[in-house]
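Take a look at the structure below.
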Amino acid sequence: MLRPHPARRADSAMRVRRVLTAAVATAAMLVAAGCTPGSSSDDSGASGSAFEFWSFTGINQKVDVERYQKKHPDAQIKLTEVGSTSETAQALTAALAGGKVPDLVLIQGDDLPKFMQSPENFVDLNTLGADKIKNDYLDWVIKQPTTDDGKIIGIPTDVGGLAVAYRTDLFKAAGLPTDRTQVSDSWKTWDDFLEVGKKYTAATGKKFLDNVPTSVFFQAVNQGATRYYDNSTHKMVYDTNPEVRAAFDLTLRAGEAKIAAKQETFSAAWTAGMAKGDFAVTSAPSWMLNAIRTNAPTTEGKWDIARIPGSAGNWGGSFLAIPQRAKNPQAAWKYITEMQSPAGQLENFLAKGNLPTTPSVYSDPKLLAQTDPFFSNAPTGKIYTESAKAIKPFYIGLNDATIGTELLNTLTSVEQGKVPPAEAWDTALTNVKNALRG
């Protein structure tokens, strides 16, 4: 599923306070508006088919809900898109503390470890049948919502295999190859990628990339064998892991190459710039395709998809969970088991491009034959399943979201000229430490 931009521009301490304040306020408004099971004025939660669902924005969850309701006309689903991934997590935290909770909630993967600290706040889905379906999912994915004593508090919805989306018309105008195989071969490494960007900018006078923090750093850092935590000891290593530092330095080099339009992912400028051709390339984990489709509908047929430089990787993945005090957990569980079954995830991929976490469908002829006319009939089924099979999972720790946000925030500040590149790494480490203390 689409993951709203993992960081926004701001001083880290102020940003954390603002997000928390906004999230608490959002939770309060949801309660006041009757958007939680305990406060619903019509007591719709009493119906066996009614439940309340909190999601984050930007992923068009309404499409999934409508698809479910078409099959189950009696289902009454009150969908609330709370805010960004972090805002939704904070609103859920406030709701859990206050006793007013939804029946079903979508939690982004990097936010999940915080909720795993208090699994008693959620229904152990084994009591509803998760133990019978857990083997349907990629082992390294289902481990994330599983406690040490075997409780399962969430069911995975998707995995974000990496790729790059590029504009064939703009590449042609720059004298660059447009065939996806040739494009993939032209940037086998990230240094190759930067060289292609320089050629594009030199030939056209336009910017190659939307921005470097997301389209370079957040893709490259998710390709490593380890990220912010050691896989064995589970200790934080963000400040000593050479793979993190290499991705950070690569991003600084990309900024110095002056090939980026400096349009922050999911911002209004980014959406407008995508439609206008202000940049020719953007990061394209599988869930991003729907965002491009939605935000720039007039560019249909002008995009294609190439392999990610370097190696495969993963950015994204979410989990559906049922809070312990949910009013109608059975209805929520029925939704989970149908929509996130292998058949349900395959249907979701064919409809929206969200890459399944159910490996049994990776060889399904429908998935392998899937092409996307919006992206020049790119064989998305093959591209993303190959990426998923090559993923080397790394441990995601309690503060992963905070660490990633602060590193990304600092790189965004560099891109905007607010932090000198020579001071960026030290500034990033300081920002992370301050955020962790806060």
Side-chain angles (χ1 to χ4, degrees), residues 1 3-8 12-13 15-27 30 54-57 82-102 104-125 140-149 151-157 160 218 221-222 227-231 233-238 314-326 393-409 431-438:
M1 287 185 179
R3 314 290 164 235
H5 193 246
R8 296 295 181 198
S12 60
R15 181 193 59 77
V16 171
R17 287 196 295 270
R18 281 202 303 272
V19 170
L20 180 57
T21 300
V24 172
T26 299
L30 289 170
W54 285 9
S55 173
F56 38 81
T57 57
V82 179
S84 69
T85 54
S86 59
E87 288 168 345
T88 302
Q90 292 289 0
L92 177 60
T93 299
L96 292 171
K100 302 292 186 179
V101 295
L104 182 66
V105 63
L106 188 67
I107 302 173
Q108 204 269 343
D110 281 358
D111 294 311
L112 181 67
K114 294 181 180 179
F115 295 104
M116 291 296 292
Q117 298 296 298
S118 302
E120 67 276 6
N121 285 329
F122 298 90
V123 172
D124 174 10
L125 299 180
W140 62 270
V141 177
I142 196 64
K143 281 182 179 178
Q144 294 177 48
T146 303
T147 64
D148 290 341
D149 60 354
K151 295 182 178 66
I152 297 176
I153 72 165
I155 295 297
T157 63
F218 219 72
V221 80
N222 284 320
R227 196 171 66 170
Y228 307 137
Y229 284 77
D230 182 88
N231 291 337
T233 66
H234 297 174
K235 293 181 178 179
M236 287 188 289
V237 294
Y238 67 90
N314 179 61
W315 171 15
S318 296
F319 300 83
L320 285 170
I322 301 174
Q324 185 62 247
R325 290 185 290 277
F394 45 71
Y395 177 76
I396 299 175
L398 177 62
N399 294 302
D400 250 271
T402 299
I403 295 167
T405 292
E406 296 309 327
L407 294 176
L408 205 65
N409 277 346
N431 289 345
V432 170
K433 290 172 183 176
N434 289 339
L436 293 177
R437 281 197 296 266

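One-based numbering along the sequence shown.
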| query | Which residue, Y229, Y395, Y228, forms the ring-ring contact (aromatic ring centres under 6.0 Å, His included) with H234? | reply | Y395
| query | Sub-3.5 Å donor-acceptor pair from the side chain of N434 to the main-chain atoms of N431, do we have one? | reply | no
| query | If we only count heavy atoms from C-beta on, is the L92 to I107 side-chain gap below 4.5 Å? | reply | yes
| task | Indicate yes or no for a side-chain donor-acceptor contact from D110 to the backbone of D400 under 3.5 Å, with no hydrogens or angles considered. | result | no
| Any donor-acceptor N/O pair, T146 side chain to I152 backbone, under 3.5 Å | no
| said: Please check: side-chain N/O of N314 versus main-chain N/O of G160, any donor-acceptor pairing under 3.5 Å? | reply: yes
| message | Does the plane of the ring in F122 sit parallel, tilted or perpendicular to the ring in F115? Use 30° and 60° as the thresholds. | response | perpendicular
| Shortest non-hydrogen contact from K100 toward A95 | O-CB, 2.8 Å
| message | If we ignore hydrogens and angles and just use 3.5 Å, is the side chain of S118 paired with the main-chain N or O of E120 as donor and acceptor? | response | no
| message | Determine whether a donor-acceptor pair (N or O, by modelled atom type, separation under 3.5 Å) exists between the side chain of Q90 and the backbone of E87. | response | no
| query | Which heavy atom of L96 sits nearest a heavy atom of P323, and at what distance? | reply | CD2-CB, 4.2 Å
| Minimum heavy-atom distance between A326 and P102, given as atom pair plus value | CB-O, 3.8 Å
| task | For P156 and V141, work out which heavy atoms get closest and say how close. | result | CB-CG1, 3.3 Å
| For D148, all residues meeting side-chain hydrogen bond (donor to acceptor under 3.5 Å, both in side chains), sequence neighbours excluded | none
